[in-house]
2 protein chains.
Amino acid sequence: MARPASTQPTEVELRILRKLWESGPSTAREVHNALNEDKGTNYSTTVKMLAVMFEKGLVERDESAFPMTFTAATGQEETRRNVMSEVIQKLYDGSAKSLVLQVLSSQEASKADLDEIRQLIEQLDGQKAAASRKRAAKRRGT
Amino acid sequence: MARPASTQPTEVELRILRKLWESGPSTAREVHNALNEDKGTNYSTTVKMLAVMFEKGLVERDESAFPMTFTAATGQEETRRNVMSEVIQKLYDGSAKSLVLQVLSSQEASKADLDEIRQLIEQLDGQKAAASRKRAAKRRGT
DNA sequence: ACAGAGTAGCGAAGTAATTCGCTTGTGCAA
DNA sequence: TTGCACAAGCGAATTACTTCGCTACTCTGT
């Protein structure tokens, strides 16, 4: 009769993960210093957060070191994929295309950015073409 | 000493908004039926949610009708922009380009999708080119 | 070995989000 | 007009998320 735990990292959790992705293994103090620049939270809070995240399996820790060091349990790429996949489902009815079109038209993208994106598209296109040639060859062979 | 209210619509709020975007003005009962297909929540819950969302300003209601009808206070486009802009900040260090590149490589996109995206890029490119020609002309004129 | 400084853990408090039971109000049909 | 069925509102319960204060522990330097 209540709220289900979020499937994605929460606000503060994400800030902590970002620090860990950026800096690698870090002590609670280091994480705290990074956080503290934005928010003026107490050191205890950071420690507690890390403890909670450890229980959730979001971070790992090296207890042999003193002070302990923490690392993100999941990579940035994977987390991004997860979050995006949920966003696409919940906000774009599962259409990645819609999302991309919308982001491209509403967010600023430099010419260089656009070029880079175009390049990736060419490449993906190439892969698709190769794949369909392969399928055709297989059909002929059957 | 606690949690700030989320700046974005929450899980359930989003489901409700989606129904409203899709169907336009709807009664609590209609919203509930739509929700109930996924989750087996009580009708009271839906009514309460709509009341909370009304207080937050997420939905508007026409009290002259009986039963009342609700509409989303903000459009789908706007909500998408808001959410995406936050995601880009929090997860991609503000780089829309990174997000697009990542979504394109990790999500399935058909050839037709890619074509459509390519077209948009051409168009944006064209606008940029026109804009820079204009700036150059202005410089010459100064 | 001892004091001072920083580290780790615990439990509790406070807000947000979700859920519902129960009461009250409204419109329609017999 | 009376009763039935559904609509709307209220307050409370429950869980998740954040934040701390306080206690106990571990190093390090003297």
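Within every chain, numbering begins at 1; the chains are lettered A, B, ... in the order of the sequence lines, protein sequences first and strands thereafter.
When heavy atoms are screened at a 4.0 angstrom cut-off, A:E13 is found touching no nucleic acid atom at all.
The side chain of A:M68 has C:dA8 as its nearest neighbour among D:dC17, C:dA8, C:dC20. Proximity note for A:Y43 (side chain, C-beta onward) versus C:dC20, D:dA7, C:dA8: the nearest is C:dA8. Listed nucleotides C:dC22, D:dT19, D:dC17 differ in distance to B:R3; the shortest reach to its side chain belongs to D:dC17. Checked against D:dA7, D:dG21, D:dT18, the side chain of B:P67 finds its nearest nucleotide in D:dA7.
Atom CD of A:E63 is separated from atom P of D:dC27 by 13 Å (rounded to the nearest Å). Put simply, CG on B:N36 is 15 Å from C1' on C:dT18, counting in whole angstrom units. Between B:E11 atom CD and C:dT18 atom C1' there is a gap of 11 Å when expressed in whole angstrom units. Distance, B:Q8 CD to C:dA17 C1': 16 Å, rounded to whole Å.
Heavy atoms only, all atoms of each residue included: B:H32 and B:T41 are closest at CE1-O, 2.9 Å. Nearest heavy atom pair, residue B:A34 against residue B:K19, reads CB-CD, 3.5 Å. The two residues A:L14 and A:W21 have their closest heavy-atom pair at CD1-CH2, 4.4 Å. Scanning both residues, B:V59 and B:L20, for their nearest heavy atoms gives CG1-CD1, 3.7 Å. A pairwise comparison of heavy atoms in B:G57 and B:A73 identifies O-CB, 3.2 Å as the closest pair.
At a threshold of 4.0 Å, the pair B:E55-B:K48 does not count as salt-bridged, since none of the basic side-chain nitrogens sits closer than that to a carboxylate oxygen. Checked for salt-bridge contact, B:R118 and B:D115 meet the test: a charged N lies under 4.0 Å from a carboxylate O.
Taking hydrophobic clusters as Ile, Leu, Val, Met, Phe, Trp and Tyr residues chained together by side-chain heavy-atom distances below 4.5 Å, B:V47 does not share a cluster with B:L35. By the criterion of side-chain heavy atoms lying less than 4.5 angstrom apart, applied directly or through intervening Ile, Leu, Val, Met, Phe, Trp or Tyr residues, A:Y43 is not grouped with A:I16; the two fall into different hydrophobic clusters. Linking ILVMFWY residues whenever their side-chain heavy atoms come closer than 4.5 Å, directly or via other members, leaves A:L58 and A:V52 in distinct clusters. Linking ILVMFWY side-chain heavy atoms closer than 4.5 Å, directly or via other members, places B:L50 and B:F54 in a single hydrophobic cluster.
Under 4.0 angstrom from either OP1 or OP2 of D:dT18 there lies at least one side-chain N or O belonging to A:T10. At the phosphate of C:dC20, OP1 or OP2 sits under 4.0 Å from a side-chain N or O atom of B:T45.
At a cut-off of 3.5 angstrom, counting only N and O atoms as typed in the model, there is a donor on one side and an acceptor on the other between the side-chain of B:K48 and the base of D:dG11.
Less than 4.0 Å separates DNA chain D from at least one heavy atom of each of the following residues of residues 49-59 of chain A: A:M49, A:K56. Listed by residue number, there are no residues of residues 19-35 of chain B with a heavy-atom contact under 4.0 Å to DNA chain C.
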Base, backbone or nothing for each nucleotide of nucleotides 25-30 of chain C, written B, S, -, heavy atoms under 4.0 angstrom, 5' to 3'? -SS---
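Note on the helix from C:dA1-D:dT30 to C:dA30-D:dT1: terminal axis deviation equals 10°, with five pairs used at each end and the result rounded to 10°.
Remark on DNA chain D: of its neighbouring residues A:T41 and A:S6, the 5'-side contact belongs to A:S6, judged by nearest-heavy-atom nucleotide.
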Extract all donor-acceptor atom pairs below 3.5 Å that involve side chains of residues 60-70 of chain A and protein atoms in other chains or at least two apart in sequence.
from, atom 1, to, atom 2, distance (Å)
A:R61, NE, A:E63, OE2, 3.3
A:D62, OD1, A:S64, N, 2.9
A:D62, OD1, A:S64, OG, 2.6

For a quick test of your reading: what N or O donor-acceptor pairs under 3.5 Å do the side chains of residues 83-92 of chain B make, sequence neighbours left out?
from, atom 1, to, atom 2, distance (Å)
B:E86, OE1, B:T7, OG1, 2.7
B:E86, OE1, B:Q8, NE2, 3.0
B:E86, OE2, B:K90, NZ, 3.4
B:K90, NZ, A:E11, OE1, 3.1
B:Y92, OH, B:Q102, OE1, 2.4

Derivation of the side chain to side chain contact (heavy atoms under 4.5 Å, CB included) call for B:Q107 and A:V100: CA-CA 11 Å; B:Q107 304 282 327; A:V100 169; over 6 Å; no
